[in-house]
Amino acid sequence: GKTYNQALKAYAIKESPTGNWAALVELAYEDFSDLKPNTQTQYDRIRPRITIGFADFEPHEITGTHVVQFLDLYRKTPNTANRMLSVLRTIFDRGMRTGACDINPAFTVRRFAEGKRKRYLEDNEFAAIYDKANPVIKVVMLLCYLTGQRIGDVLKIRRSDITDDGIHIEQEKTGSRLVVE
């Protein structure tokens, strides 16, 4: 670790029994250190639910049925459930590498179908929000609307990105570079 407390925590995790679920979750989350910031934030939000959800089990005791039953609790929010499934797959992969479990029970679990947006803002709704917004939000709203880019990508635009060719944007999610004329 970079600090004394982080080093102690890392040492405690590495020295804990390989069957400890919470310790395995901690180890697996080390694999997420190179994720995009938005993905990292989302994974961090679900971490307590996953840790608590299987706290009564040792990793080798967890079956695919347990994983399905746990994810069914989140079926009304399929994006969250699918994110949890991705994290669980990584946790069990780490468990297999450390000897905490012999199989990955999340591997064969199917993802939930994720619905598409049911509607977009109408012009009058956009205008009503725009009229109440402060000047900075108005600029961001217009840039998102006119470029078709995600808010995070618009917020990263700098003056140097604006040239005679157009606005140069590197999309955070895909890493794609494009120019909006």
Side-chain angles (χ1 to χ4, degrees), residues 1-3 5-122 125 144 148-156 170-176 178:
K2 293 181 181 175
T3 67
N5 286 341
Q6 288 174 339
L8 284 178
K9 184 177 178 183
Y11 177 73
I13 290 168
K14 295 206 184 304
E15 291 300 313
S16 67
T18 57
N20 182 307
W21 174 252
L24 180 58
V25 171
E26 290 289 325
L27 283 173
Y29 263 76
E30 290 176 4
D31 294 342
F32 299 138
S33 61
D34 60 345
L35 294 175
K36 302 280 185 189
N38 186 39
T39 304
Q40 182 72 51
T41 300
Q42 292 172 12
Y43 282 15
D44 286 342
R45 279 192 199 129
I46 62 174
R47 182 183 195 162
R49 296 185 216 175
I50 287 174
T51 303
I52 293 167
F54 294 100
D56 294 337
F57 294 93
E58 296 297 324
H60 68 276
E61 297 173 329
I62 301 169
T63 67
T65 301
H66 295 127
V67 173
V68 169
Q69 289 171 346
F70 174 75
L71 294 176
D72 272 347
L73 298 172
Y74 300 95
R75 74 173 29 258
K76 290 184 179 178
T77 53
N79 293 31
T80 300
N82 289 339
R83 206 165 283 120
M84 288 182 175
L85 180 58
S86 296
V87 170
L88 286 168
R89 287 176 177 166
T90 301
I91 292 169
F92 287 113
D93 280 347
R94 178 54 87 99
M96 290 170 51
R97 289 197 307 273
T98 62
C101 56
D102 293 328
I103 62 165
N104 185 335
F107 183 72
T108 58
V109 175
R110 288 192 355 221
R111 298 172 59 80
F112 286 97
E114 297 181 23
K116 295 187 179 202
R117 288 190 181 101
K118 294 193 170 41
R119 75 178 199 82
Y120 290 90
L121 286 177
E122 299 290 333
E125 294 171 312
C144 287
Q149 299 304 301
R150 295 175 185 88
I151 190 169
D153 297 332
V154 165
L155 292 173
K156 291 190 320 186
E170 181 177 350
Q171 296 178 326
E172 181 180 344
K173 185 172 183 176
T174 64
S176 300
L178 59 113

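Side-chain atoms are counted along with the backbone in the values below, which use heavy atoms only and exclude waters and symmetry mates.
- Remark: F107 engages no residue in a ring pair (Phe, Tyr, Trp, His ring centres under 6.0 Å) (not counting sequence neighbours).
- Listed for the Y29 side chain is a donor-acceptor partner under 3.5 Å among the backbone atoms of Y43.
- In the displayed structure, I151 atom CD1 is contacted under 6.0 Å by at most 12 heavy atoms of other residues, nucleotides or ligands.
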- Item | Evaluation steps, side-chain contact (heavy atoms from CB on, under 4.5 Å), between N38 and R150 | CA-CA 12 Å; N38 186 39; R150 295 175 185 88; over 6 Å; no
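- Of the inter-residue distances, the one linking N79 atom CG with E114 atom CD reads 4.0 Å to the nearest 0.5 angstrom.
- The line from CE of M84 to CZ of R49 is 4.5 Å long, rounded to the nearest 0.5 Å.
- Using bins of under 30°, 30° to 60° and over 60° for the plane-to-plane angle, the ring pair W21/F92 lands in the tilted bin.
- When all heavy atoms of I62 and P105 are compared, the pair lying nearest together is O-CG, 3.5 Å.
- Counting only distance, with no hydrogens or angles, the side chain of D153 and the backbone of Q171 share no donor-acceptor pair below 3.5 Å.
- In this structure, V109 and L85 approach most closely via the heavy-atom pair O-CD2, 3.6 Å.
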- Taking it one step at a time, do E172 and K156 satisfy side-chain contact (heavy atoms from CB on, under 4.5 Å)? CA-CA 9 Å; E172 181 180 344; K156 291 190 320 186; 3.7 Å; yes
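- You'll find the side chain of L88 reaches within 4.5 Å of the side chain of F54, heavy atoms only.
- Around atom NZ of K173, no more than 12 heavy atoms belonging to other residues, nucleotides or ligands sit under 6.0 Å away.
- Heavy-atom minimum distance, P78 versus A113: CB-O, 3.5 Å.
- Within the 3.5 Å criterion, the main-chain N or O of A100 finds no donor-acceptor partner in the side chain of R94.
- The CZ atom of R89 sits 8.0 Å away from atom CG of N104, with the distance rounded to the nearest 0.5 Å.
- A heavy-atom distance below 4.5 Å is found between the side chains of S86 and R111.
- Here E170 contributes atom CD and L178 contributes atom CG; the two are 10.0 Å apart, rounded to the nearest 0.5 Å.
- When every heavy atom of L35 is checked against every heavy atom of T39, the shortest pair comes out as CD1-CG2, 4.0 Å.
- Residues D72 and F112 meet the side-chain proximity criterion, which asks for heavy atoms closer than 4.5 Å.
- Going from atom CG of N20 over to atom CG of L27 covers 9.5 Å, rounded to the nearest 0.5 Å.
- Shortest non-hydrogen contact noted between A22 and T51 is CB-CG2, 4.2 Å.
- Here the CG atom belonging to L73 is positioned 12.5 Å from the OG1 atom belonging to T80, to the nearest 0.5 angstrom.
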- Query: Is there a side-chain contact (heavy atoms from CB on, under 4.5 Å) between Q42 and I46 once you walk through the steps?
  - Reply: CA-CA 7 Å; Q42 292 172 12; I46 62 174; over 6 Å; no
